[in-house]
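To start, the structure itself, in structure tokens.
So you know, we letter chains A, B, ... as the sequences are listed, proteins then strands, and number each from 1.
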Amino acid sequence: MYKYDAIDRQLVTERVEQFRDQVCRWKAGQLSDDEFRPLRLQNGLYIQRHAPMFRIAVPYGMMNSAQLRTLAHVARKYDRGYGHFTTRHNLQLNWPKIEDVPEILAELAEVEMHAIQTSGNCLRNITTDQFAGVAADEVIDPRPLAEILRQWTTFHPEFAFLPRKFKIAISGTKEDRAVTWFHDIGLHLKVVDGEVGFTVIVGGGLGRTPIRGQVVREFLPWQHILTYCEAILRVYNRQGRRDNAYKARIKILVQALGVEAFAQLVEEEWAHGKDGPATITQAEFDRVAAHFTAPAYEKLGEAALPDDKAFHNWLARNTHAHKVPGYAAVTLSLKKHGIAPGDITSEQMIAVADLADRYSFGELRISHEQNIILADVRKSDLHEVWKKAKIAGLATPNIGLLTGIICCPGGDFCDLANAKSIPIANAIQARFDDLDYLFDIGEIDLNISGCMNACGHHHVGHIGVLGVDKNDSEFYQVTLGGRQGNEAKLGKVIGPSFAADEMPDVVDKIIKVYIESRHPDERFLDTFDRIGIDPFKNRVYEGRAHGKAKAAQQEAA
Amino acid sequence: MAQLIKNNAATVDTWQTLQLGEGETPETVALPAGDVIFPLAVWQARKAEIISCHKRIGLLIQPDERVEDIAADLDYFIVIAVAFPKFVDGRGYSTASLLRQRYAYQGELRAVGDVLHDQLFFMQRVGFDSYVLKDGKNVVYAIEAGFKPFSDAYQASTSQPQPYFRRRA
């Protein structure tokens, strides 16, 4: 894992002092609220419904046990003893005091953590695949380039005040697990004729106007990634819309110009920076890559695992293939039924840190599905890890299943939300509490967002749920068929929205259509692709007047 | 009173910026004498006239104006002022980068408008060397602390064209 050197440490320490000074000047009235807002946002500090909300960066999802212990301590000392992992490799605290944030930052800096650019209209935290470096289908380990990109984005002087937020994701595996098709820039590492480079995707994004990104360059040799990104950002900074925040993302610019014209502009801009000083050197790559070398793996045979059904359920769902024989990656589920998805208490953080130290070289990762991963566990240790994870409430075997829900904080916490999302997730979890049934249903991504900003990635859920506001009441719109991965696409809305208490029934009906229609071994998504949306629509709205029929009924009444 | 910071010191501004009054157009506006910063549209409309009667010429660029359009004229300008109508509008940073890096503009590059203490470090890095701080802001503190919240930076930029990774010992 990357360890700070003198410059990294110095910049983060200086950042703490800079922010301390900014808070002081704001308190003293020397900075107006409007002037302070972008400054605090660039440091992850929102003013939210109940209290400030503070977002701490976990660059590309990598963390060590000392860092997690510090997060546990910070959550306990300055907040209510828990935190929330988001879909973009951040930990959010929901109740800190603004005055405490400089102190929190100082404590985080001690363990090489920060909150730089976790919000605001700037270059955000770089994200990647939670199995980077260990995935069996990995082509190139993306982490060194993710770290090089992290440094490049940090306090970039030209791009600190962009038209809107800007998110970059990088993937190095055959199957994309970093949602690269739905980021402002998605980078997919590959090898062509022995040369390592990127497919560069631009203009994807979820939110109010969900758009799948488009390829602006099929192959870019890795050395040029900074100069090429700089060209993209400069075109965007100069030409992106600033008159309307809803139309300010780069996806709108790419759509307006057309991807060929946009790519042409980028190429023209890049021609000036290509081969310039920002071209990455082999020496720098090697220096950074040395931080991501494999840990001291042992030569292991296959382990004999105890015959225990509950344990095997967990193995089936919560472990992932590892490229080194005898090892597995373990996902600790933050999707225990009845708990807000992604939430973790300080006690659980300590427990995870202990597990990481004992079983996984002291490191862990955060996934965009809001879970924690122990990436390097000996298969012979899996039973012990399972038992301990179970005690900590982190062994719910629902990864990739219906109740392993991605969910934003929604109306319970977030100012932007139109509707609550956590109670919907909890109600669905309660309805599908039978583990055998859950396993029988099989792989399903259910994603819930409390508003169209789509922090819960509802568009790419196989089943997506979006909270909408109608006449000051909360309703929920359902989409089907969305997906992440190489064939990423947006879900389709099935029809009129539902009241909160209808949602478990609606999901139940969707699942029943699938169960009745599926071929043996067919996943939900495959059945959906085969039979289309209508059978689901018909079942869900059966006996329920909507659209014209509803209007006619109302008229008759 | 505008507070000009130049060479890390508070300085008296000898330049006046031509503003178009109601009903005035770049073609009709009277050109004042002295050291004048002209809006780009006025420069484009009255270039020959301005050159004939002004020794020292300044230019004002708005965020949506393209530096490419005046790239050939840069030698005429003693000062180029880049307008920041709102401090959160970051187009001026790209304008400055282009002027310095692509078009090798060597004269004074001035940030004007909603220019605040907390933007000075970034502005300096993209190539500004003078700043008209927003009214009411503490110019002394800006000079003392605004330019150096950080002792170095990772990226290449105008003030340091070599990224940190190329300068590592």
Side-chain angles (χ1 to χ4, degrees), chain A residues 5-8 10-15 17-19 21-22 25 30-32 34-39 42 120-122 148 150-163 226-227 230 233-240 242 269 272-273 276-281 283-285 287-288, chain B residues 63-68 84-98 100-103 114 116-128 134 136-138 141-142 144-146 148-169:
Chain A
D5 71 0
I7 177 80
D8 304 312
Q10 188 166 342
L11 292 181
V12 167
T13 309
E14 288 169 341
R15 172 56 151 194
E17 291 319 308
Q18 182 193 38
F19 193 68
D21 178 60
Q22 287 168 341
R25 283 188 283 133
Q30 293 160 14
L31 273 172
S32 69
D34 280 349
E35 290 163 353
F36 184 50
R37 184 182 305 115
L39 303 176
Q42 294 202 3
N121 294 334
C122 54
I148 288 168
R150 179 194 75 82
Q151 297 187 10
W152 171 76
T153 59
T154 301
F155 310 135
H156 197 299
E158 193 178 332
F159 307 128
F161 297 95
L162 293 168
L226 301 184
T227 55
E230 222 148 50
L233 261 302
R234 186 173 280 171
V235 169
Y236 170 58
N237 191 34
R238 299 184 78 202
Q239 301 199 22
R242 290 173 188 266
E269 183 61 47
H272 297 281
T279 309
I280 306 168
T281 58
E284 174 64 0
F285 179 85
R287 184 188 74 82
V288 176
Chain B
D64 57 349
E65 292 175 337
R66 287 162 40 90
V67 16
E68 288 87 337
F84 288 84
K86 290 186 212 155
F87 72 94
V88 290
D89 184 336
R91 286 176 286 184
Y93 296 92
S94 287
T95 303
S97 295
L98 287 169
R100 290 295 197 205
Q101 293 168 32
R102 184 159 311 161
Y103 299 110
D114 206 0
L116 302 171
H117 177 111
D118 301 280
Q119 280 74 46
L120 294 177
F121 176 70
F122 290 144
M123 287 177 168
Q124 169 187 254
R125 288 192 58 212
V126 294
F128 287 103
K134 187 180 177 181
K137 294 296 173 185
N138 185 338
Y141 190 56
E144 180 191 306
K148 49 185 180 190
F150 302 104
S151 48
D152 210 321
Y154 291 119
Q155 318 79 359
S157 63
T158 304
S159 66
Q160 175 47 270
Q162 297 291 313
Y164 190 84
F165 68 75
R166 287 187 187 267
R167 294 182 281 120
R168 270 178 191 285

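When every heavy atom of B:F87 is checked against every heavy atom of A:P38, the shortest pair comes out as CE1-CG, 3.4 Å. Across every non-hydrogen atom of B:Y154 and A:I7, the tightest pair is CE2-CG1, 4.4 Å. Summarising the geometry of B:F150 relative to A:L11, their closest heavy-atom pair is CE2-O, 3.6 Å, with the distance given to 0.1 Å. When every heavy atom of A:A278 is checked against every heavy atom of B:P163, the shortest pair comes out as CA-CG, 4.1 Å. Nearest approach of B:G90 to A:N237, heavy atoms of both residues: O-ND2, 3.0 Å.
Between A:F161 and B:Y93, the ring planes lie parallel to each other; the angle is under 30°, not in the 30° to 60° tilted range.
Contact of A:Q151 with chain B is made through backbone and side chain together, with heavy-atom distances under 4.5 Å. Only the backbone of A:T153 comes within less than 4.5 Å of a heavy atom of chain B; no side-chain atom from C-beta onward does. For A:L39, the part lying under 4.5 angstrom from a heavy atom of chain B is the side chain only. Contacts of B:K134 with chain A are made by side-chain atoms alone, with heavy-atom separations under 4.5 Å and no backbone atom involved. At a 4.5 Å heavy-atom cutoff, the contact between A:R238 and chain B is made by backbone and side-chain atoms alike. If you measure heavy-atom distances from A:L226 to chain B, the contacts under 4.5 Å come from the side chain alone.
Under the 3.5 Å distance criterion, the side-chain polar atoms of B:R166 are matched with a main-chain donor or acceptor of A:T279. Although no hydrogens or angles enter the test, the distance criterion places a donor-acceptor pair under 3.5 Å between the side chain of B:Q155 and the main chain of A:T154. In terms of modelled atom types and a separation under 3.5 Å, the side chain of B:K137 and the main chain of A:Q30 share a donor-acceptor contact.
Using a 4.5 Å heavy-atom cutoff, the side chains of A:F155 and B:P149 are not in contact. Side-chain contact between B:L98 and A:R234 is present, with heavy atoms from C-beta onward closer than 4.5 Å. Looking at A:H272 and B:Q101, their side chains never come closer than 4.5 Å, going by heavy atoms from C-beta outward. Side-chain contact between A:R242 and B:R91 is present, with heavy atoms from C-beta onward closer than 4.5 Å. B:Y141 places a side-chain heavy atom less than 4.5 Å from the side chain of A:R25. Taking 4.5 Å as the limit, every side-chain heavy atom of B:F165 sits out of range of all side-chain heavy atoms of A:V288. Side-chain atoms of B:V88 and A:N121, non-hydrogen and from C-beta on, never get closer than 4.5 Å to each other. Contact of the A:E269 side chain with the B:R102 side chain is registered, since non-hydrogen atoms from C-beta on lie closer than 4.5 Å.
Between the side chains of B:D118 and A:Q22, at least one donor N or O lies within less than 3.5 Å of an accepting N or O. Looking at A:E14 and B:S151, their side chains do bring a donor and an acceptor atom within 3.5 Å of each other.
The choice from A:I148, A:D5, A:I280 that makes the most heavy-atom pairs within less than 4.5 Å of chain B is A:D5. Per-residue counts of heavy-atom pairs under 4.5 Å with chain A were compared for B:M123, B:Q119, B:K86; the largest is that of B:Q119. When B:D89, B:D64, B:V126, B:D152 are compared by the number of non-hydrogen pairs under 4.5 Å with chain A, B:D89 comes out ahead. Options A:H156, A:Q18, A:E158 differ in how many heavy-atom pairs under 4.5 Å they form with chain B, and the most are formed by A:E158. Put simply, of A:R15, A:Q10, A:R287, the one with the most heavy-atom pairs under 4.5 Å next to chain B is A:R287. Of the listed residues (B:H117, B:R66, B:Q162), the one with the most heavy-atom contacts under 4.5 Å to chain A is B:H117. Residue with the most contacts toward chain A among B:S97, B:A153, B:A156: B:S97 (heavy-atom pairs, distance under 4.5 Å).
Every side-chain contact (heavy atoms from CB on, under 4.5 Å) that A:E17 has, sequence neighbours left out, goes to A:R20. Every residue meeting the side-chain contact (heavy atoms from CB on, under 4.5 Å) condition with A:Q239, not counting sequence neighbours, appears here in chain and number order: A:L253, A:L257, A:L265.
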